[in-house]
Amino acid sequence: WIINGAFTIWQRGTVFSGTGYSGDRWKLNGANTQAQRGSYSSDVGWHVWFHSNGSGQWDWIGQGVELPAYFAGKTMTLSYMIRYNGTHDNSDCFFWARWVADGDVFATSDMGDKSLKDVWQYVTHTFTIPTNASDTSYFSLRWHGSDAVTGMDYDLNLAQVQFELGASATPFEMRPNAIELGMCHRYYQTLGTLWSTQYSASSSFVQTNLLTQMRVTPTVTYSFSASLSLITNYTNNAKLALYCDGQAGSASGLVLDAEF
């Protein structure tokens with residue numbers, strides 16, 4: 001149920017800082033956080049490197065998971081490879097599962113019992129999803145430093161993240177990139193440049209079917225050529241449709257974002 005758990009898809013780039021998304025589906029929180037795609041290794045494949053310089057107590061990296069109602073009352077297991085290096089003991093490094101609808105933390109584990117080191121280690125967590133989980137929101141799986149410790153400067157590397165039904169972990173499933181990218185397109189798409197088609201003597205449409213149906217109607221960002229200006233955005237979660245003043249022109253740098 002984790003998407004891009006192998007960290008193979010990076011539509012936004014490979015180096016990031018501050019709150020926002022990094023590798024596809026992976027969100028950073030904290031003004032002074034950093035993340036980038038780690039070098040490929042024969043041990044874990046691609047991975048993400050996450051850094052907090054200690055100025056924010058709630059710095060984290062994580063992923064939101066849809067369809068909470070499906071998981072309600074079920075036992076789930078999260079497994080991943082992790083490497084940690086920091087100025088504090090690893091007991092100040094936490095994994096949290098947070099139910100976003102009301103802010104409740106329904107599963108938490110400090111890493112003190114994991115003896116984390118600056119080498120790759122395999123870690124699992126097993127927990128039960130609350131029975132009141134509903135599809136009105138989502139839940140968030142997060143890795144972060146302690147909210148009780150200031151000045152916690154650390155590096156956290158994650159790879160092969162997997163979230164599955166049951167009380168035990170299975171070997172990591174490496175999906176083909178074509179499948180993984182299609183799953184990422186539900187939340188984020190880049191369409192490059194599209195030319196308008198004339199609609200009337202003074203107007204036109206920039207439109208196309210989306211690569212896949214998105215989670216919700218996306219936020220659309222773009223740059224019009226000088227000959228076009230927006231009249232109405234009719235985009236939905238299946239089709240881009242920008243109704244424009246101007247007979248002909250283009251929209252470049254098209255990005256559609258339907259993340260949480």
Side-chain angles (χ1 to χ4, degrees), residues 1-17 20-30 33-53 59-65 76-97 109-126 140-145 152-188 190:
W1 292 90
I2 288 287
I3 298 174
N4 200 27
F7 299 97
T8 54
I9 310 299
W10 297 75
Q11 293 187 86
R12 297 171 178 83
T14 57
V15 179
F16 307 88
S17 61
Y21 281 84
S22 57
D24 277 52
R25 303 280 16 259
W26 290 94
K27 188 174 183 177
L28 313 179
N29 186 75
T33 57
Q34 301 174 51
Q36 67 183 51
R37 183 174 69 181
S39 300
Y40 184 88
S41 93
S42 58
D43 293 330
V44 298
W46 296 107
H47 68 279
V48 65
W49 168 82
F50 171 75
H51 174 74
S52 171
N53 69 3
D59 294 351
W60 53 261
I61 184 169
Q63 182 170 144
V65 179
M76 306 289 295
T77 296
L78 180 75
S79 59
Y80 54 93
M81 299 294 292
I82 187 170
R83 199 174 74 209
Y84 171 82
N85 182 31
T87 56
H88 285 71
D89 183 85
N90 61 73
S91 63
D92 290 321
C93 180
F94 285 79
F95 161 74
W96 279 24
S109 173
D110 74 58
M111 301 295 189
D113 63 336
K114 308 300 183 184
S115 299
L116 298 183
K117 302 179 180 65
D118 195 15
V119 295
W120 286 110
Q121 295 170 260
Y122 183 66
V123 171
T124 65
H125 306 277
T126 298
S140 181
L141 306 177
R142 304 176 182 178
W143 291 258
H144 65 92
M152 185 176 173
D153 193 305
Y154 64 94
D155 296 332
L156 194 65
N157 296 267
L158 291 172
Q160 297 185 8
V161 185
Q162 185 160 280
F163 186 49
E164 57 195 313
L165 287 167
S168 58
T170 62
F172 181 73
E173 178 189 5
M174 183 69 183
R175 291 187 288 255
N177 274 1
I179 293 175
E180 206 73 46
L181 180 59
M183 297 172 75
C184 293
H185 281 160
R186 175 169 170 78
Y187 304 89
Y188 187 86
T190 59

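Numbers here simply count residues along the sequence, with the first being 1.
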K.L.:
For Thr126 and Thr77: C-alpha separation, side-chain torsions, deciding distance, then whether side-chain hydrogen bond (donor to acceptor under 3.5 Å, both in side chains) applies.
P.N.:
CA-CA 4 Å; Thr126 298; Thr77 296; 3.0 Å; yes
K.L.:
Go through the steps to decide whether Gln34 and Trp49 satisfy the test side-chain contact (heavy atoms from CB on, under 4.5 Å), and finish with yes or no.
P.N.:
CA-CA 8 Å; Gln34 301 174 51; Trp49 168 82; 4.0 Å; yes
K.L.:
Could you tell me if the side chain of Leu165 sits less than 4.5 Å from the side chain of Met76, heavy atoms only?
P.N.:
yes
K.L.:
Residues in side chain to side chain donor-acceptor pair (under 3.5 Å) with Asn29, at least two apart?
P.N.:
none
K.L.:
Going by side chain to side chain donor-acceptor pair (under 3.5 Å), name the residues that satisfy it together with Arg12, two or more places apart in sequence or in a different chain.
P.N.:
none
K.L.:
Can you tell me how far the CH2 atom of Trp46 sits from the CG atom of Asn4, to the nearest 0.5 Å?
P.N.:
12.5 Å
K.L.:
Roughly how far apart are Ile9 CD1 and Ile3 CD1, rounded to 0.5 Å?
P.N.:
11.0 Å
K.L.:
Would you compute the distance between atom CE of Met81 and atom CG of Asn157 and round it to the nearest 0.5 angstrom?
P.N.:
11.0 Å
K.L.:
OG1/Thr8 to CG/Asn177 distance, rounded to the nearest 0.5 angstrom?
P.N.:
4.5 Å
K.L.:
Distance from Trp1 atom CH2 to Leu78 atom CG, nearest 0.5 Å?
P.N.:
14.5 Å
K.L.:
Does Thr14 reach the side chain of Gln36, with side-chain heavy atoms less than 4.5 Å apart?
P.N.:
no
K.L.:
Any donor and acceptor pair, going by atom type alone, linking the side chain of Arg37 with main-chain N or O of Ser22 inside 3.5 Å?
P.N.:
no
K.L.:
Can you find a heavy atom in the side chain of Val65 that is under 4.5 Å from one in the side chain of Leu141?
P.N.:
yes
K.L.:
Testing the basics here: between Asp155 and His51, what is the closest heavy-atom pair and its distance to 0.1 Å?
P.N.:
OD1-ND1, 2.6 Å
K.L.:
Which pair of non-hydrogen atoms, one from Ser52 and one from Asp59, has the smallest distance, and what is that distance?
P.N.:
OG-OD2, 2.5 Å
K.L.:
Side chains of residues 169-176: which donor-acceptor partners sit under 3.5 Å, not counting sequence neighbours?
P.N.:
unit_1, atom_1, unit_2, atom_2, d
Thr170, OG1, Gln162, NE2, 3.4
Thr170, OG1, Glu164, OE1, 2.6
Thr170, OG1, Glu164, OE2, 3.4
Arg175, NE, Glu180, OE1, 2.9
Arg175, NH2, Ile2, O, 3.0
Arg175, NH2, Glu180, OE2, 2.9

K.L.:
Tell me the closest heavy-atom pair linking Gln11 and Cys184, and the distance in Å.
P.N.:
NE2-CB, 4.1 Å
K.L.:
Write down the atom of Ser79, the atom of Tyr122, and the distance for their closest heavy-atom approach.
P.N.:
CB-OH, 3.5 Å
K.L.:
Sort out for me which residue in Phe50, Trp60, Tyr80 forms a ring-ring contact (aromatic ring centres under 6.0 Å, His included) with Trp143.
P.N.:
Tyr80
K.L.:
Can you give me the closest heavy-atom contact between Val48 and Ala35, atom names plus distance?
P.N.:
CG2-CB, 4.3 Å
K.L.:
CD of Gln121 to OH of Tyr84: how many Å apart, nearest 0.5 Å?
P.N.:
12.0 Å
